[in-house]
Amino acid sequence: MLITAVFWIFATILVVSAALVVSARNPVHSVLFLILCFFNAAGLFLLAGAEFLALILVVVYVGAVAVLFLFVVMMLDVNFTQLREGVQRYAPVGATIGVVLLAELLMTFGGVRVAPSLATLHVAPIAAQTSNTEALGLVLYTHYVLAFQLSGLVLLVAMIGAIVLTLRDKPRARRQSIARQTTREVGDTLLMVDVRPGQTMAELGIFRPLTTLPQAPALDLIGPTPPVSADDATGRGDAA
Amino acid sequence: MTWQIALPEICLGGAGLIILMVGVLSRRNAFTTATLLAIAAFIATGYLILAEAPGVGYAGLFVADAFARFMQLLVLAGAILALLLSLDYNKAAAIDRFEFPVLVLFSTLGMLVMISAGNMISLYLGLELQSLCIYVLAAFARDTRRSVEAGLKYFVLGALASGLLLYGISLVYGFSGGMDFAEIRAALTASPAPGLVIGIVFMVAGIAFKLSAAPFHMWTPDVYEGAPTSVTALLATAPKVAAIALLLRVLAEPFGHLLQSWQQLIILVSIVSMLWGAFAAIGQTNIKRLMAYSSIGHMGYALIGLATGTAAGIRGVMIYMVTYVFMSAGSFAIIIAMRRGRQPVERIADLTGLGRTDPALALALAVFMFSMAGIPPMAGFFGKLYVFLAAVQGGLWTLAVLGVLTSVVGAYYYLRVIKVMYFDAAGDALDKRSGVLSTVAFGAAAFTVFFAAFSQPIIGAAEAASRALLG
Amino acid sequence: MFWQDVTTLSLTVLEALAILVPVLLCVAYATYAERRVLAAMQSRKGPNVVGAFGLMQPFADAAKMLLKETIIPAGANRALFLAGPMLTFILAMVAWAVIPVNNHWAVADINVGILYLFAISSLGVYGIIIAGWASNSKYAFLGALRSAAQMVSYEVSMGFVIVCVLLCVGSLNLNDIVLAQKTIWFCVPLFPMFVIFFISTLAETGRAPFDLPEGESEIVAGFFVEYSSMSFGLFFLGEYANMFLMSSLTTILFLGGWLSPLPFAPFTWVPGPIWFLLKVFLCIFMFFWVRATFPRYRYDQLMRLGWKVFLPISLFWLVLTASFLFAFHLLPHKLA
């Protein structure tokens with residue numbers, strides 16, 4: 001009884017939030033209702049005993065995919081009223097298609113015949129005492145390894161595509177090289193200068209812009225090289 | 001475990017990953033290296049396909065038979081030709097990035113899987129792998145508005161088509177209780193429920209979209225025109241072969257015994273495609289758009305063979321596709337060679353006087369145009385011949401007659417191109433063409449002209465393949 | 001039938017209370033402990049006025065938060081603005097359902113426990129995004145974006161670390177994971193993973209040195225700039241409860257849960273929950289210690305660490321672990 005009650009709660013929220021996804025005025029609310037939808041679908045999976053699918057649905061769709069959706073929708077500057085202008089005009093078409101698809105679905109359910117050899121059709125029947133996670137793992141990497149690897153390739157292609165279409169390499173960008181920063185030694189950038197009393201900047205040659213830079217390499221993001229000419233460097237090395 | 005059955009595909013995938021790493025890790029522009037490596041990988045895959053023994057593997061997900069071998073080799077040929085063309089075009093268009101051959105390679109891998117699919121899951125995954133790469137490739141010239149528009153358009157409509165296909169698959173699954181082609185065939189009786197027929201219709205619509213057969217062709221002209229020409233060359237050859245192979249396999253294997261429930265549909269698609277391809281092309285001034293409408297028409301002719309549902313018809317489709325791939329690749333080589341002052345030109349009017357300024361190129365284009373129009377003794381004639389023959393044998397007189405009539409209409413615009421080249425006042429000469437383009441153009445032209453001379457083994461292989469498919 | 005359901009329900013509620021009340025107490029005193037520890041490390045005194053040694057400080061803070069006014073900024077999305085902190089707090093609480101503090105002492109001893117925890121922790125980002133967006137403030141939104149990107153990034157390598165542990169266990173049940181460490185705690189053979197996991201938990205909970213989402217010097221306080229009184233308090237409680245949750249997870253995955261450090265007499269006399277608590281406190285202390293010691297990361301450094309350092313290392317170690325277990329036939333086969 002408890003299970004039935006929970007089922008109806010999940011199912012009702014699922015259907016209501018699905019309706020709200022398409023009817024909410026604010027797209028952010030739509031996405032949030034979509035997330036609620038996923039969540040309740042996961043609950044239904046859980047009731048059906050497919051706990052692995054349920055949690056993967058939450059991890060993948062709610063935890064990753066919908067976050068990106070939400071990001072994009074939140075950052076969009078959409079004119080909601082303009083977006084909804086066509087609704088009245090296109091509603092009949094959409095409704096017709098919806099009715100047709102619904103009729104087809106009903107017809108399918110009406111005409112479903114269980115295949116005579118259904119019992120033997122299972123590629124990998126779930127053994128007793130096996131949790132559905134294990135059962136899934138057992139066929140995913142054996143019977144369906146081809147499909148699994150192909151899905152991996154599809155995702156790889158999606159990644160390559162995203163990089164190809166959006167990444168603009170800036171060859172002149174200043175980047176931090178941590179290896180270079182940490183291997184740098186004091187002597188590379190710092191020179192100790194013995195300044196005699198009364199000696200002026202002009203005599204030392206400490207001027208900006210420097211005309212004679214020391215041969216220290218130009219290091220990005222480390223700061224400007226100290227403006228000291230090599231000739232006057234006397235304290236090099238003991239600047240620990 | 002019979003994993004070796006997919007050895008060519010596994011090797012191709014591995015090669016793709018290696019080429020990707022080579023491209024990422026090399027300091028200089030690796031486009032040429034990567035392209036040559038990809039071509040080498042295609043050739044090696046072709047060799048492995050020839051060497052592999054037929055069989056079924058991966059719990060029915062993957063099928064290797066004579067049909068798959070024939071179509072896979074054809075796909076590889078198309079992909080190699082497209083990559084050769086890209087060597088020249090991509091450099092000129094400043095899109096010579098190493099991801100291009102990698103995406104072409106993965107797309108080809110998707111096509112190979114599509115052709116070898118023995119299960120709805122592998123069918124769908126192969127199709128998605130193939131299309132996803134091509135969506136990206138169509139938008140590859142990302143700083144050109146038309147290219148991005150083409151990519152986006154193709155992506156949105158392609159996603160819709162995938163949705164239709166998936167909906168169809170789910171209906172079929174609902175009625176048969178299986179995803180495996182053999183299971184589906186076993187579970188379906190000869191008098192199918194209406195819902196199942198709807199499922200088949202949705203699946204055919206989804207695949208016909210990839211095939212650019214009317215009435216699912218609306219993306220074709222825009223994408224052909226907007227995408228970089230090297231991508232268009234690919235789009236016009238290999239994916240068409242893969243999609244038609246998929247259609248043949250899906251209709252012949254799981255639904256082979258339900259001929260009467262899908263025959264009308266294929267006949268309809270075929271007629272609409274032929275008519276649309278013939279009449280809409282008349283007003284075109286852009287040669288890439290012309291090729292788009294031409295490909296719609298060609299798909300219509302090819303589908304005639306499928307509509308018969310006989311081995312002879314399927315053999316006709318396969319021969320048609322062979323001739324089509326080489327004609328198209330050759331034509332696109334010439335379209336890529338159309339450059340004036342380093343800028344690509346793509347109007348038909350830009351060809352004026354080519355007969356005098358570059359007689360060899362004009363002759364090659366004339367050969368392709370004659371072939372596409374179906375004038376003997378070019379290859380295109382034999383393609384049409386076998387298809388019409390099967391239609392007449394199968395009693396589909398209407399289709400055969402309509403096919404001949406639309407060919408006559410189609411001949412008008414193919415011959416117009418020849419008229420522009422030879423009989424209009426001479427324009428400025430085109431830029432000097434590169435060696436690769438000449439090789440592809442003249443090689444394909446030679447193939448087209450002398451097809452009759454060496455067609456016997458191809459026809460024999462197609463015959464064996466069609467019998468293997470119908471089992 | 002009906003009464004059976006009622007008893008099940010009320011028992012579950014009681015069990016939940018039995019774990020949540022101690023958790024909330026720990027959270028309350030963690031705030032106090034943190035201030036004292038930080039003070040000690042920085043040679044200060046810390047809270048020492050309210051009650052003996054300042055022990056009543058958490059209650060004083062709680063009273064203050066409850067009594068202040070909740071301000072809702074103009075233009076904020078009222079419902080979502082209030083839902084954000086609640087969501088954060090609720091998620092931090094529901095995760096405790098599967099944590100075993102002793103052998104089979106968990107409210108729900110489900111066989112995909114680790115996945116449940118992972119799912120709940122991946123939801124945590126919603127409270128923050130919703131709060132950031134609903135506040136109608138640029139700072140809050142920037143903070144929310146930073147936080148979401150950070151949490152999603154570090155979840156990836158955390159996932160690999162968890163898979164690595166699961167390979168050695170052969171079960172997704174948290175109880176089994178602890179029992180699999182009877183011979184040796186996983187922090188020894190999987191030491192690099194342990195380090196990565198601990199650092200990732202710092203990032204996942206948004207603690208120093210990864211507290212960029214609330215970087216005061218750049219975006220004032222990030223996603224909760226606009227929050228006041230108890231709505232702020234819920235975020236605060238959620239953050240500390242998450243710290244405890246992540247520490248418990250570390251304890252379960254790497255420090256042998258409730259198992260005693262050495263399997264003989266004087267150690268085994270101490271009951272399991274005490275060991276569990278001690279280990280969790282150790283982890284919490286590490287959180288404080290890190291906060292007192294390290295300066296804040298820059299955002300690009302944070303992303304670099306997550307994607308370019310942790311991800312490759314954890315992936316590599318995963319492959320290594322799998323190969324090792326496979327090569328030496330150590331894979332935990334439960335079936336066939």
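Keep in mind it's a predicted model, so treat the numbers as computed, not measured. Residue numbers start from 1 in every chain, and the chains themselves are labelled A, B, ... in the order their sequence lines are given, proteins ahead of strands.
- Other residues, nucleotides and ligands contribute at most 12 non-hydrogen atoms within 6.0 Å of the OH atom of Tyr61(A).
- With a 4.5 Å cut-off on non-hydrogen atoms, Phe52(A) touches chain C through its backbone and its side chain both.
- Counting non-hydrogen atoms of other residues, nucleotides and ligands closer than 6.0 Å to OH of Tyr126(C) gives a total above 12.
- Heavy atoms closer than 4.5 Å to chain A are found in both the backbone and the side chain of Leu115(C).
- Of the two parts of Gln301(C), only the side chain, counted from C-beta on, holds a non-hydrogen atom closer than 4.5 Å to a non-hydrogen atom of chain A.
- Contact of the Leu166(C) side chain with the Ile177(C) side chain is registered, since non-hydrogen atoms from C-beta on lie closer than 4.5 Å.
- A ring-centre distance under 6.0 Å is found for Tyr227(C) and Phe81(C).
- Taking the six-membered ring for Trp and the full ring otherwise, Phe160(C) and Phe310(C) have centroids separated by 6.0 Å or more.
- Contact count against chain A (heavy-atom pairs under 4.5 Å) is highest for Arg304(C) among Met151(C), Gln4(C), Arg304(C).
- In this structure, chain A has a heavy atom under 4.5 Å from the side chain of Leu9(C), while its backbone stays farther away.
- For a residue to count as touching a neighbouring chain, one of its non-hydrogen atoms must lie under 4.5 Å from one of that chain's; by this rule Leu68(A) does not touch chain C.
- Residue Phe69(A) places its CZ atom among 12 or fewer non-hydrogen atoms of other residues, nucleotides or ligands, all under 6.0 Å distant.
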Check the pair Asn77(C) / Asn136(C) against side chain to side chain donor-acceptor pair (under 3.5 Å), numbers first and verdict last.
-> CA-CA 8 Å; Asn77(C) 189 320; Asn136(C) 191 30; over 6 Å; no
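- Here Ala66(A) is the residue among Ala54(A), Ala66(A), Ala5(A) with the most heavy-atom pairs under 4.5 Å with chain C.
- Both the backbone and the side chain of Val112(C) come within contact range of chain A, each with at least one heavy atom under 4.5 Å from a heavy atom of that chain.
- Neither the backbone nor the side chain of Leu57(A) comes within contact range of chain C; no heavy atoms are under 4.5 Å apart.
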